[in-house]
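Beneath this line is the structure, given in structure tokens, with notes to follow.
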Protein chains: 2
Amino acid sequence: MPKRYSCPVELTVDVVGGRWRTVILARLKEGVHRYGELRRLTPGISEKMLTQRLRELEADGLVIRRDHGTVPPHVDYDLTDEGRTLIPVLQALYDWGVARAARTGEPL
Amino acid sequence: MPKRYSCPVELTVDVVGGRWRTVILARLKEGVHRYGELRRLTPGISEKMLTQRLRELEADGLVIRRDHGTVPPHVDYDLTDEGRTLIPVLQALYDWGVARAARTGEPL
DNA sequence: TTGGGCACGCACCATTATGTGCGTACTTGC
DNA sequence: GCAAGTACGCACATAATGGTGCGTGCCCAA
């Protein structure tokens with residue numbers, strides 16, 4: 001049975017919620033990145049988490065994984081068209097984070 | 001030691017992330033609500049969760065709790081000015097949810 | 001020859017988030 | 001008199017999330 005949402009916000013949170021998904025998407029909105037680049041750009045994430053979240057984002061159709069089939073491996077990730085529809089959301093989250101940090105004096 | 005963020009999005013997610021916080025905030029952006037109203041407007045949430053999240057949002061300065069001190073109890077919740085700065089974020093989440101539902105055929 | 005980078009998979013464990021069910025002290029409606 | 005509503009608190013249990021450490025097969029630099 002399909003899950004019912006009482007509010008569109010719930011649906012969105014279901015897709016981009018969680019500790020890492022939005023952070024990863026925010027990186028990818030700046031452009032294509034390799035696995036190792038994402039890992040370095042996201043301090044604190046474990047390799048397991050990064051792989052796991054990327055797989056989920058792929059399954060949700062927000063991200064494409066491109067394996068160049070070379071050896072040593074070269075894989076990169078990009079937003080799909082569907083993923084790009086999230087850009088306004090990611091931008092809003094980004095902007096609020098900046099403003100909030102300014103108000104509270106938290107470091108960035 | 002203060003927590004470090006590698007990206008402003010991380011900070012935002014820390015504040016409004018999780019299963020319920022955004023949903024509650026989205027309700028409050030429509031106006032003041034009593035505890036019982038929020039409970040009815042948010043199917044699936046337990047009373048414990050609702051109370052817990054409201055306390056956190058209060059502690060983060062996004063929501064005010066007003067206890068009218070009457071008996072039987074009458075308490076209502078509203079966004080603070082700080083909370084109102086989140087409205088563009090909440091709107092972006094809402095809009096994307098609507099558009100996503102339309103694309104995937106998910107019910108609302 | 002030893003070590004590191006690449007992009008993971010897998011097994012196991014810890015922490016956090018969330019849910020469930022019950023109690024409270026009082027009032028109003030039936 | 002009895003149930004229901006109000007706005008919770010508390011104890012317990014499960015589910016989701018996250019971390020650790022190891023192994024893979026190949027290549028390149030020191």
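So you know, we letter chains A, B, ... as the sequences are listed, proteins then strands, and number each from 1.
Heavy atoms of A:Gly17 sit nowhere under 4.0 angstrom from any nucleic acid atom.
In this structure, A:Arg53 does not reach the D:dT17 phosphate: none of its side-chain N or O atoms is under 4.0 Å from OP1 or OP2. OP1 or OP2 of C:dG19 lies within a sub-4.0 Å distance of a side-chain N or O belonging to B:Trp20.
The side chain to side chain donor-acceptor pair (under 3.5 Å) test applied to B:Asp81 returns no partner, not counting sequence neighbours.
The side chain of A:Arg21 lies closest to D:dT17, out of D:dG18, D:dT17, C:dG19.
Rounding to whole angstrom units, NE2 of residue A:His68 and P of C:dA7 are separated by 10 Å. For the pair A:Asp67 CG and C:dC6 C1', the computed distance is 11 Å after rounding to whole Å. Computed from coordinates, the B:Arg19 CZ to C:dG19 P distance equals 7 Å when rounded to whole Å. Summarising the geometry, the separation between CE on B:Met49 and P on D:dT14 is reported as 16 Å, rounded to the nearest angstrom. Here the P atom of nucleotide D:dA16 and the CG atom of A:Asp14 are 12 Å apart, to the nearest Å. Note: CG (A:Leu50) to P (C:dA7) measures 10 Å, nearest angstrom.
At least one donor-acceptor pair closer than 3.5 Å links the side chain of A:Thr12 to the backbone N or O of B:Leu93. Of the possible polar contacts, one joining the A:Tyr35 side chain to the A:Glu47 backbone as a donor-acceptor pair under 3.5 Å is found. At distances below 3.5 Å, at least one donor-acceptor pair connects side-chain atoms of B:Arg84 with backbone N or O atoms of B:Leu79.
Between B:Glu37 and B:Arg40 there is no salt bridge, since none of the side-chain N atoms of the basic residue sits less than 4.0 Å from a carboxylate O of the acidic one.
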Extract from the structure each pairing of a protein N or O with an N or O of nucleotides 5-13 of chain D at less than 3.5 Å, listing the distance.
unit_1: D:dT6; atom_1: OP2; unit_2: B:Arg40; atom_2: NH1; d: 3.3
unit_1: D:dT6; atom_1: O3'; unit_2: B:Arg34; atom_2: NH2; d: 3.0
unit_1: D:dT6; atom_1: O3'; unit_2: B:Pro73; atom_2: O; d: 2.9
unit_1: D:dA7; atom_1: OP1; unit_2: B:Arg34; atom_2: NE; d: 3.1
unit_1: D:dA7; atom_1: OP1; unit_2: B:Arg34; atom_2: NH2; d: 2.7
unit_1: D:dA7; atom_1: OP1; unit_2: B:Val75; atom_2: N; d: 3.1
unit_1: D:dA7; atom_1: OP2; unit_2: B:Gly36; atom_2: N; d: 3.1
unit_1: D:dC8; atom_1: OP1; unit_2: B:Arg55; atom_2: NH2; d: 2.8
unit_1: D:dC8; atom_1: OP1; unit_2: B:Arg65; atom_2: NH1; d: 2.2
unit_1: D:dC8; atom_1: OP2; unit_2: B:Arg65; atom_2: NH1; d: 3.3
unit_1: D:dC8; atom_1: OP2; unit_2: B:Tyr77; atom_2: OH; d: 2.6
unit_1: D:dC8; atom_1: N4; unit_2: B:Glu47; atom_2: OE1; d: 2.5

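Taking hydrophobic clusters as Ile, Leu, Val, Met, Phe, Trp and Tyr residues chained together by side-chain heavy-atom distances below 4.5 Å, A:Ile64 does not share a cluster with A:Leu57.
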